[in-house]
There are 2 protein chains.
Amino acid sequence: MSTAERLIESTRDLLWERGYVGTSPKAILERAGAGQGSMYHHFTGKPDLALAAIRRTAEELRAAADAVLDGPGTPYDRIAAYLRRERDVLRGCPVGRLTMDPDVIASDTLRAPVEETITWLRGRIAAVVDEGRRLGQFPAESDPDELAATVVATVQGGYVLARASGSPDAFDAGVRGLLALLAPRTPAAPATD
Amino acid sequence: MSTAERLIESTRDLLWERGYVGTSPKAILERAGAGQGSMYHHFTGKPDLALAAIRRTAEELRAAADAVLDGPGTPYDRIAAYLRRERDVLRGCPVGRLTMDPDVIASDTLRAPVEETITWLRGRIAAVVDEGRRLGQFPAESDPDELAATVVATVQGGYVLARASGSPDAFDAGVRGLLALLAPRTPAAPATD
């Protein structure tokens with residue numbers, strides 16, 4: 001692996017583990033086994049290196065989402081596959097967690113790939129929901145864009161629940177709760193009052 | 001306000017804005033207008049002060065949740081009020097965001113009040129869902145604990161969507177999507193294939 005590659009991969013790891021604020025240029029250089037000179041040869045500094053790292057992480061997230069959303073099955077099955085796809089739940093989302101990083105959010109340049117990825121994901125899921133609704137799947141009352149926001153929020157918030165409790169079970173519970181709501185169903189029992 | 005109070009309040013603000021990793025003892029002292037001696041007079045150090053700050057923030061979050069979940073209306077209305085309660089969406093959740101802070105999650109002491117608060121909230125919402133199901137509200141297929149996890153995850157993930165896009169609209173979209181799923185409904189149209 002070239003030095004530039006090692007620097008990007010080390011930055012990706014550290015952003016996921018420690019966040020942008022918690023990652024020093026020194027820590028990146030140590031993990032990459034690189035010197036300061038080589039970092040400045042390839043990148044203008046920590047923000048430039050972080051941008052390359054975030055872009056690559058975002059690409060991987062898109063590819064992983066595409067793999068399940070373009071996969072086999074009905075629209076409901078594909079949304080379910082997205083919600084259930086294997087994740088390193090206790091590490092959190094490598095893209096979503098950056099939204100809690102004040103220096104990422106304060107920088108239009110660093111926030112851009114985060115915003116683009118989340119917007120892309122919401123649109124991708126909304127299209128699958130829309131396809132499902134034309135087949136009679138998903139509740140007729142729901143708006144595809146809003147339902148897509150709920151799906152993405154459940155995943156992102158599921159990481160919060162899991163990390164709070166130190167167990168992936170909480171993530172899975174949130175996903176199962178949403179899948180039960182999305183599934184075709186029998187009408188609710190009448191109210192007793 | 002006493003110096004100890006000013007230190008706690010400044011730490012709360014900084015934890016919300018910058019996170020634990022991003023908050024230095026120096027920044028706390030500057031914001032509180034206090035000297036290092038007075039910090040060590042009242043607290044053993046940054047972790048001790050952060051614990052006091054997190055506990056107070058957690059108490060406020062519980063009181064705010066109780067206010068809506070014990071409020072007027074049916075169980076559905078109260079869950080809706082919880083989801084729609086006024087929030088400083090772009091700042092994120094002052095408790096939930098701590099789960100993305102590696103030094104909070106790595107410390108059993110600092111994680112404890114975060115875990116307790118989220119667990120308490122899930123239990124509180126599960127009880128309201130359970131009450132609603134006995135009245136014929138909420139889909140009969142759903143498990144109250146799982147549905148509560150979905151409700152809390154939608155809120156926590158809604159902050160991620162909002163901060164990614166720089167607008168509270170994404171939070172609101174996720175909430176509306178979930179409310180449409182939770183609402184009493186007519187059966188879905190039959191599948192066309």
Side-chain angles (χ1 to χ4, degrees), chain A residues 17-19 21-22 92 96-97 99-102 105 111 114-115 118-119 122 134-143 145-161 163-166 170 173-174 176-178 180-193, chain B residues 17-19 21-22 92 96-97 99-103 105 111 114-115 118-119 122 135-143 145-161 163-166 170 173-174 176-178 180-193:
Chain A
E17 281 168 34
R18 306 273 319 157
V21 168
R97 72 150 292 156
T99 61
M100 296 302 147
D101 218 311
I105 293 304
R111 186 168 65 82
V114 175
E115 172 165 25
I118 304 272
T119 301
R122 289 171 61 190
R134 288 198 300 271
L135 299 171
Q137 292 192 321
F138 305 117
E141 298 85 348
S142 47
D143 173 274
D145 291 326
E146 292 177 357
L147 206 52
T150 308
V151 168
V152 177
T154 299
V155 167
Q156 293 295 328
Y159 290 116
V160 171
L161 270 54
R163 284 174 64 95
S165 62
R176 281 197 302 272
L178 182 60
L181 294 176
L182 292 174
R185 76 184 59 162
T186 49
T192 55
D193 59 352
Chain B
E17 282 168 33
R18 306 274 317 157
V21 168
R97 71 149 294 158
T99 62
M100 296 302 147
D101 218 311
D103 293 353
I105 292 305
R111 185 169 65 83
V114 176
E115 172 166 24
I118 304 272
T119 301
R122 289 171 61 190
L135 299 171
Q137 292 192 321
F138 305 117
E141 298 84 348
S142 45
D143 173 274
D145 291 326
E146 291 177 359
L147 206 51
T150 308
V151 168
V152 178
T154 299
V155 167
Q156 293 295 327
Y159 290 117
V160 171
L161 270 55
R163 285 174 63 94
S165 62
R176 282 197 303 272
L178 182 60
L181 294 176
L182 293 174
R185 76 184 60 164
T186 49
T192 55
D193 60 351

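Lettering follows sequence order; numbering is per chain, from 1.
The candidate with the highest count of non-hydrogen atom pairs below 4.5 Å against chain A, out of B:Gly22, B:Gly96, B:Gly166, B:Ser165, is B:Ser165. Most heavy-atom pairs under 4.5 Å with chain A, from the set B:Glu146, B:Arg18, B:Gln156: that is B:Glu146. Contact count versus chain B (heavy atoms, under 4.5 Å) is highest, among A:Gly92, A:Gly158, A:Ala164, for A:Ala164. Per-residue heavy-atom pair counts under 4.5 Å with chain A were compared for B:Gly19, B:Gly174, B:Ala148, and the maximum is reached by B:Gly174. Looking only at heavy-atom pairs under 4.5 Å with chain B, the residue among A:Thr119, A:Val21, A:Leu161, A:Val114 that has the most is A:Leu161.
When heavy atoms are compared at a cutoff of 4.5 Å, A:Ile118 approaches chain B solely by way of its side chain, counted from C-beta outward. For A:Leu147, the parts lying near chain B are the backbone and the side chain together; criterion is any non-hydrogen pair under 4.5 Å. Residue contact with chain B, scored on non-hydrogen atoms closer than 4.5 Å, involves the backbone and the side chain of A:Thr154 alike.
For the pair A:Arg122 and B:Ala170, the tightest heavy-atom approach, listed with the atom from each and the gap, is NH1-CB, 3.2 Å. Across B:Pro139 and A:Leu181, no two heavy atoms sit closer than the pair CG-CD2, 3.4 Å.
The structure places OH of A:Tyr159 at 12.0 Å from OG1 of B:Thr99, a figure rounded to the nearest 0.5 Å. Between the CD1 atom of A:Ile105 and the CD atom of B:Glu17 there is a distance of 14.0 Å, given to the nearest 0.5 Å. A:Arg97 CZ to B:Arg97 CZ: the interatomic distance, rounded to the nearest 0.5 Å, is 9.0 Å.
B:Ser142 places no side-chain N or O within donor-acceptor distance of the main-chain N or O of A:Gly177, the cut-off being under 3.5 Å.
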Verdict with reasoning, B:Thr150 to A:Thr150, per side chain to side chain contact (heavy atoms under 4.5 Å, CB included): CA-CA 9 Å; B:Thr150 308; A:Thr150 308; 5.6 Å; no

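Residues B:Met100 and A:Val160 have side chains in contact (heavy-atom distance under 4.5 Å, counting atoms from C-beta outward).
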